Amino acid sequence: MVTPHEQATRVKVRDKFFRLYLQKEKIDEIVNGLAARIDQDYSGKTPLILGILNGAFIFASDLVRKLHIPCEISFVKYSSYHGLESSEEINRLIGLNEGIRGRDVIIVEDIVDTGFTMAQLLTDLKNHEPASLRIASFCFKTEAFRENFSIDYCGLEIPKLFVVGYGLDYDGAGRNFPDIYQLDESDV
Ligand code: IMP
């Protein structure tokens, strides 16, 4: 296993091998682009950036540090994934602890896969009557998507791959890699 600051073309996370998919320099460029769009769209406003734990903690912290507009940041914790599979059973582990009525809210997620987690969060948040609700997701697995909301700020569309790094984990491990790695099924 490599240390988090060492870039490797192939890493082992628990029992599986992963190969380099997206380097941190490219990630940085993508986040810069998203931040510039948000700056422009929210000029004169102070949105609440709402990250979804655990996965979005790195993307959310990078994104807010690149914004020039004032913002607040908070987190909720929703969980649905087990190992390599998404599940329709969503657990709300930490809820909202501030009022969002009348606020401009931007949900920040690491990856949208089936979309079930986000759909549940959208339903929950809409009940609190925010002034506006938008979604920023670093990755979007378009082929796996089974919902019908749109992602306002999408970093990268990816095929149906399992990825780790930049906040994304495999069974709790691999979140701290600065680069993103994809599952390497060749296992050699
Ligand atoms: P969804 O509910 O199927 O859209 O799954 C969303 C959540 O599943 C994300 O917040 C991630 O935590 C997790 N997830 C989905 N795909 C991956 C992946 O490729 N690697 C790691 N976690 C993933």
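Whatever order the structure lists them in is the order used to number ligands and atoms, beginning at 1. Every value quoted in this text rests on a predicted model; they were computed, and no experiment measured them.
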Counting only N and O atoms by type, is there a donor-acceptor contact under 3.5 Å from the side chain of Ser43 to the main-chain atoms of Gln40?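 Judged by distance alone, no pair lies under 3.5 Å.
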
I'd like to know if the side chain of Asp169 reaches the main chain of Arg175, judged simply by a donor and an acceptor atom lying under 3.5 Å from each other, with no hydrogens or angles considered.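 Between the backbone of Arg175 and the side chain of Asp169 there is no qualifying donor-acceptor contact (under 3.5 Å).
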
Check: Asn176/Tyr166 side-chain N/O donor and acceptor closer than 3.5 Å: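 The criterion, which ignores hydrogens and geometry beyond distance, is not satisfied for Tyr166 and Asn176.
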
Regarding Glu157 and Thr142, is there a side-chain donor-to-acceptor distance under 3.5 Å anywhere?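 No, no side-chain donor-acceptor contact under 3.5 Å.
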
Determine the interplanar angle of the Tyr170 and Phe162 rings, folded into 0 to 90°, and report it as parallel if under 30°, tilted if 30 to 60°, perpendicular if over 60°.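 Geometry flag for Phe162 against Tyr170: perpendicular rings.
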
By number and element, which atoms of ligand 1 are closer than 4.0 Å to a non-hydrogen atom of [X]?
X: Lys141; answer: 16 (N), 17 (C), 18 (C), 19 (O)
X: Leu161; answer: 19 (O)
X: Thr117; answer: 1 (P), 2 (O), 5 (O), 6 (C)

I'd like to check whether Leu168 has a polar contact with ligand 1, where a contact means an N/O of the residue lying under 3.5 Å from an N/O of the ligand.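 No, there is no polar N/O contact under 3.5 Å.
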
Answer yes or no: does an N/O atom from Val112 fall short of 3.5 Å to an N/O atom of ligand 1?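 Between Val112 and ligand 1, no N or O pair is found under 3.5 Å apart.
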
Yes or no: does [X] have any heavy atom under 4.0 Å from an atom of ligand 1?
X: Glu109; result: yes
X: Leu183; result: no
X: Val164; result: no
X: Glu147; result: no

Which of these, Phe75, Phe138, Tyr153, sits in a ring pair (Phe, Tyr, Trp, His ring centres under 6.0 Å) with Phe59?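 Passing option: Phe138.
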
Nearest heavy atom to atom 5 (O) of ligand 1 wins, so pick from Val163, Asp113, Ile180.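 Ranked by closest heavy atom to atom 5 (O) of ligand 1, first place is Asp113.
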
For atom 4 (O) of ligand 1, which candidate among Ala119, Gly115, Gly174, Ala144 provides the closest heavy atom?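 Ranked by closest heavy atom to atom 4 (O) of ligand 1, first place is Gly115.
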
Applying the side-chain hydrogen bond (donor to acceptor under 3.5 Å, both in side chains) test to Ser132, which of Asp104, Asp41, Asp152 qualifies?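 Option passing the side-chain hydrogen bond (donor to acceptor under 3.5 Å, both in side chains) with Ser132: Asp104.
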
If you define the side chain from C-beta out and look only at heavy atoms, does anything of Asp113 sit under 4.5 Å from Phe145?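 Asp113 vs Phe145: side chains apart.
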
